[in-house]
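A short write-up of the structure that comes next.
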Amino acid sequence: MKPEMTQDELKTLVGQAALQYVTPGSIVGVGTGSTVNKFIDALATMKGDILGAVSSSVASTERLRALGIKVFDATEVDELAVYIDGADEIDHAGNMIKGGGAALTREKIVAAQSRQFICIADESKLVTTLGAFPVPVEVIPMAAKRIARQFAAMGGVAQLRMKAGAPLVTDNGQHILDVTGLKIADPLGFESQVNQWPGVVTVGVFAFQKASVCLLGTAGGVKMLAF
Ligand code: 5RP
C-alpha cells in the first residue's frame with residue numbers, strides 16, 4: 001500500500017471493497033456523495049449480476065442510470081439486504097452525521113428499509129464524538145428561523161445552506177440548516193429530541209439507522225469495523 005494515498009484513492013478503495021456485500025440477484029440500496037460515486041462505478045462492473053438499485057438522490061439515480069444500472073422506486077421494494085453509503089462523521093459505535101450532500105432524508109428512508117447499513121469512508125471521518133462536522137438538518141422553510149433559535153438554545157449556531165446565492169433546495173423541495181457548535185455525546189437522544197421539533201423533516205444524525213459495518217480507507221488498506 002502506498003503511504004501517500006490521497007483521500008480520493010481511499011474513497012476508490014472502499015467503494016470497490018463494498019462490492020463484497022452485494023449479493024448477485026439482489027437490489028442494492030445506494031447512498032449519495034463522492035465516496036458512493038466510487039461505489040457506483042464499481043457496481044457497474046457487476047451490473048449484469050444484480051437486479052438494480054434503490055437510490056437516495058437524484059444525483060445517484062442519474063449516475064446509476066448513466067452506467068446502465070436499473071433504478072427501482074423505494075415503494076417497489078419491501079426490504080433491501082444492504083444499503084451502502086458514505087458519512088461525514090462516524091463514531092466508534094457506528095453512529096453517523098450525514099447530509100453533507102443534502103440527501104439525508106432519502107438516505108435515512110432507504111437505510112430504514114435495509115437490513116444492513118454498510119458505511120464506506122476514508123479514515124478522516126472516524127471520530128470519538130460526533131459534532132465537529134456541522135449537523136445538517138432538512139427543514140420546512142417556514143420553520144427554519146424558529147428551528148435555528150431552538151438550536152441556539154442548545155448552544156448551536158444554525159446557518160441556512162446556500163447555493164449560487166439562494167437557499168439550497170433539496171430533492172424534496174426543502175431547505176437545509178447546518179448546525180455548528182454541538183458536541184453530540186448521546187446521538188440517540190439528540191436524534192429523538194430534534195425529530196420532535198415541528199418543521200424538522202430529518203436530522204442528519206443517524207443513530208436509529210446507524211451503520212452495521214464501516215469499511216474505512218486507511219493508509220494500511222481497508223479496515224473493517226463491525227458494530
Ligand atoms: C450526502 C451524504 C454523504 O454520504 C456524506 O456527505 C459523505 O460524502 P462524501 O462521500 O462525498 O464525503 O450524507 O448527503
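Order of listing sets the numbers, starting from 1, for every ligand and every atom in it. We count residues from 1, following the sequence as given.
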For [atom], what's the nearest protein heavy-atom neighbour? Residue, atom name and distance, please.
atom                    : answer
atom 3 (C) of ligand 1  : Thr32 O, 3.2 Å
atom 12 (O) of ligand 1 : Lys125 NZ, 2.8 Å
atom 11 (O) of ligand 1 : Ser34 OG, 2.5 Å
atom 10 (O) of ligand 1 : Thr35 OG1, 2.6 Å
atom 6 (O) of ligand 1  : Asp88 OD1, 2.6 Å
atom 1 (C) of ligand 1  : Glu107 OE2, 3.0 Å

Atom indices of ligand 1, in the order listed, that fall short of 4.0 Å to a heavy atom of [X]:
X      : answer
Asp85  : 4 (O)
Gly86  : 4 (O)
Lys11  : 12 (O)
Ala103 : 14 (O)
Lys98  : 2 (C), 3 (C), 4 (O), 13 (O)
Gly100 : 6 (O), 13 (O), 14 (O)

Is the positively charged end of Lys210 above the ring of Phe208, judged by distance under 6.0 angstrom from the centroid and angle within 45° of the axis? no

Please give me the minimum heavy-atom distance between Gly99 and Glu107, naming the atom from each residue. N-OE1, 4.2 Å

Tell me the closest heavy-atom pair linking Cys119 and Ala87, and the distance in Å. SG-CB, 3.8 Å

Short N or O distance, Gly99 and ligand 1, threshold 3.5 Å exclusive: yes

Any N/O pair Gly33/ligand 1 closer than 3.5 Å: no

Looking only at heavy atoms, is any part of Ala102 under 4.0 Å from ligand 1, and if so is it the side chain, the backbone, or both, or is it neither? backbone

Counting heavy atoms under 4.0 Å, the part of Ala87 that contacts ligand 1 is backbone

For a quick check under 3.5 Å, do Ser124 and Asp122 share a side-chain donor-acceptor pair by atom type? yes

Looking only at side-chain N and O atoms, does Thr202 offer a donor or acceptor that is under 3.5 Å from a partner on Glu138? no

Within 6.0 Å of CD in Gln20, more than 12 heavy atoms from elsewhere: yes

Would you say Lys183 has more than 12 foreign heavy atoms packed within less than 6.0 Å of its NZ? yes

Who passes ring-ring contact (aromatic ring centres under 6.0 Å, His included) against Tyr83, sequence neighbours left out? Phe117

With no hydrogens and no angle check, is any side-chain donor or acceptor of Glu89 less than 3.5 Å from a backbone partner on Gly131? yes

May I ask you to decide if Gly199's main-chain N or O and Arg146's side chain share a donor-acceptor pair within less than 3.5 Å? no

